Amino acid sequence: MGLFVYSCKDCGLKFETISFWKDKENTKCPKCGSSQVIESLSLFGLVRGGPAQASQSGSTGGCGSRGGFT
């Protein structure tokens with residue numbers, strides 16, 4: 001599953017959907033019902049994180065930390 005951002009060519013509505021990759025080709029505008037939608041880049045998909053990023057910011061513990069619970 002993924003978060004997809006679309007823009008409708010017919011009415012101009014910008015909207016998001018959470019769906020399976022295989023279902024995204026059947027996406028229709030929730031306002032006018034048009035199938036003429038353009039997929040845009042989701043900023044949610046660009047967020048990067050993990051242990052390496054946490055250690056660079058000086059954070060300890062949390063998800064991805066090593067050493068277990070204290």
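Everything numeric here is computed off the predicted structure, so don't read it as measured data.
In terms of heavy-atom proximity, D10 sits nearest to C32 at CB-SG, 4.2 Å. Minimum interatomic distance between K28 and G33 (heavy atoms only, all atoms of both residues): CD-O, 3.7 Å. Scanning all heavy atoms of the two residues, the minimum distance from T27 to V37 falls at O-CG2, 3.8 Å. Nearest approach of F4 to E39, heavy atoms of both residues: CD2-OE2, 3.3 Å. Counting all heavy atoms, side chain and backbone alike, S7 lies closest to K14 at OG-CG, 4.0 Å.
Separation of atoms OG (S35) and NZ (K9) is listed at 10.0 Å; rounding is to 0.5 Å. Taking CG of D23 as the start and OG1 of T17 as the end, the distance is 9.5 Å to the nearest 0.5 Å.
The cluster map of Ile, Leu, Val, Met, Phe, Trp and Tyr, joined by side-chain heavy atoms under 4.5 Å apart, puts L13 and I38 in different clusters.
No side-chain heavy atom of S40 sits less than 4.5 Å from a side-chain heavy atom of Y6.
At least one donor-acceptor pair closer than 3.5 Å links the side chain of S34 to the backbone N or O of Q36.
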